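Structure, as structure tokens:
Just so you know, these numbers come straight off a predicted model, no measurement behind them. Below, read A as the first sequence line, B as the second, and so on, with proteins coming before strands; counting in each chain starts at 1.
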2 protein chains.
Amino acid sequence: MAATRLRKQTDTAQRILDVSERLVQRRGFNGISYANVAAELSMTKASLHYHFPGKAELGEALIVRYAARFADALQEIDRRVADARGKLNAYAGLYADVLRGKRMCLCGILAAEYETLPTPMRKATIRFFDDNVTWLTRVLARGHSDKTLTFDGSPSDAAQAILSGLEGAMLVSRPYGDLERFQSAAARLLASLTS
Amino acid sequence: MAATRLRKQTDTAQRILDVSERLVQRRGFNGISYANVAAELSMTKASLHYHFPGKAELGEALIVRYAARFADALQEIDRRVADARGKLNAYAGLYADVLRGKRMCLCGILAAEYETLPTPMRKATIRFFDDNVTWLTRVLARGHSDKTLTFDGSPSDAAQAILSGLEGAMLVSRPYGDLERFQSAAARLLASLTS
DNA sequence: GTCTATAGGCAGATAGAC
DNA sequence: GTCTATCTGCCTATAGAC
């Protein structure tokens with residue numbers, strides 16, 4: 001029936017996205033090919049093209065799904081953690097989880113390749129960062145107004161500093177394969193906001 | 001005479017490095033080709049291979065020269081600026097200059113592509129970061145002991161936080177083409193060390 | 001040192017059988 | 001949906017003339 005066909009197609013598309021996502025987070029968008037992805041799935045390149053007509057479409061779908069998952073994780077933090085400081089710690093924890101999988105943040109690595117990306121991928125990358133800054137800004141503003149956080153400058157400036165600080169900590173830690181490096185930088189970053 | 005020939009060869013090699021450096025800092029190592037570089041120099045790909053036998057050798061030469069220049073700039077800061085806070089500001093200024101040229105830090109962009117790099121390039125990238133942390137650690141340790149800087153934790157942990165914070169600020173600012181974003185994050189980062 | 005010419009491989013992508 | 005076969009183009013790299 002239709003539902004089965006739809007499910008099946010969706011499953012395959014999801015598996016393609018799963019493999020592509022991991023490869024891109026490790027090697028960058030310019031560091032992967034349809035051949036790489038197909039080989040890991042024991043499929044042919046032609047089959048991939050059935051699900052995603054071109055690399056640009058695959059890349060865009062990758063970011064859209066990644067951003068949606070990240071948004072879900074932020075909602076989950078809001079549901080489970082009440083205080084601003086706890087939310088920021090949980091936020092940094094999301095990054096640590098990615099790094100534990102020996103991956104870079106998808107949009108962090110795409111930011112590095114930004115100039116080579118097709119326009120839809122560029123826009124989706126920016127949107128991811130904007131969404132993160134929006135969420136962080138809200139957390140910081142609330143923490144500031146209820147006196148649980150102390151920081152100088154505007155909440156949105158502080159939010160941008162957190163985002164870029166965590167992205168940078170991931171970027172530099174990865175060559176060393178050293179999670180501690182990230183944790184130390186992240187802890188210091190949050191401490192400077194919660195002192 | 002020999003000196004002329006040597007000079008000429010050196011000049012050409014330097015021009016190749018100049019063009020390659022700019023392209024890699026904008027597009028990443030996997031985002032450039034011998035064809036790109038050759039076209040900008042109105043040369044053929046074959047001529048490039050005369051100066052640098054393969055892309056791996058070109059890439060390594062790129063990092064070595066970049067790191068040497070950076071080391072020179074740090075020496076220059078040491079020569080001209082006495083106080084720790086001033087040195088850190090000048091250090092952040094080096095990054096701002098790179099960003100103004102619409103470039104990413106060479107080793108920052110290579111860190112993103114780390115898994116795809118040949119071993120010599122990996123080692124040279126790590127060395128660049130290590131050199132930076134070493135210099136920053138010295139500045140921070142001295143500033144701490146003469147009470148011009150106040151920060152928690154070890155100087156080397158703080159040094160790593162500065163390095164990754166600045167790299168991250170460059171990374172995230174570039175898609176927005178927004179130097180202000182970098183400046184704001186950099187200022188906040190240094191303020192958290194000098195308060 | 002720089003060129004032309006070319007090798008050999010892999011990239012993204014498409015046609016068409018099943 | 002997935003396959004085989006194939007196209008076109010670009011990639012890194014080399015040979016050899018000038």
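Not counting sequence neighbours, B:Phe52 has no partner by the ring pair (Phe, Tyr, Trp, His ring centres under 6.0 Å) test. Residues forming a side chain to side chain contact (heavy atoms under 4.5 Å, CB included) with A:Asp146 (at least two apart in sequence, or on another chain): A:Arg142, A:Thr148. Partners of B:Thr134 according to the side chain to side chain contact (heavy atoms under 4.5 Å, CB included) rule, which considers only residues two or more places apart in sequence or in another chain, are B:Arg138. For B:Pro118, the side chain to side chain contact (heavy atoms under 4.5 Å, CB included) partners are B:Ala56, B:Pro120, B:Met121, not counting sequence neighbours. Annotation: ring pair (Phe, Tyr, Trp, His ring centres under 6.0 Å) contacts of B:Tyr34 (sequence neighbours excluded): B:His49. In this structure A:Ala46 satisfies the side chain to side chain contact (heavy atoms under 4.5 Å, CB included) test together with A:Thr44, sequence neighbours excluded.
One finds a side-chain N or O of B:Ser47 lying less than 4.0 angstrom from the OP1 or OP2 phosphate oxygen of C:dC3. For the OP1/OP2 pair of D:dA5 and a distance below 4.0 Å, the side-chain nitrogens and oxygens of A:Thr44 include no atom meeting the criterion.
Taken residue by residue, residues 36-43 of chain A places heavy atoms nearer than 4.0 Å to DNA chain D at A:Ser42, A:Met43.
One interatomic measurement links the two molecules: CG of A:Asn30 to P of D:dC10, which rounds to 16 Å at whole-angstrom precision. Across the protein-nucleic acid pair, B:Leu48 atom CG and D:dC11 atom P stand 13 Å apart, rounded to whole Å.
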With 3.5 Å as the limit, what N/O pairs link the protein to nucleotides 12-17 of chain C?
unit_1	atom_1	unit_2	atom_2	d
C:dG12	OP1	A:Lys55	NZ	3.2
C:dG12	OP2	A:Tyr34	N	2.9
C:dG12	O6	A:Lys45	NZ	3.4
C:dA13	OP2	A:Lys55	N	2.8
C:dA13	N7	A:His49	NE2	3.3

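The pair B:Glu60-B:Lys123 fails the salt-bridge criterion, with no side-chain N (NZ, NE, NH1 or NH2) lying under 4.0 Å from an Asp/Glu carboxylate O.
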Which atom pairs, one a donor and one an acceptor, fall under 3.5 Å between side chains of residues 176-191 of chain A and the rest of the protein, sequence neighbours left out?
unit_1	atom_1	unit_2	atom_2	d
A:Tyr176	OH	B:Ile126	O	3.4
A:Tyr176	OH	B:Asp130	OD1	2.5
A:Asp178	OD1	A:Glu180	N	2.9
A:Asp178	OD1	A:Arg181	N	3.4
A:Arg188	NH1	B:Asp152	O	3.0
A:Arg188	NH2	B:Asp152	O	2.8

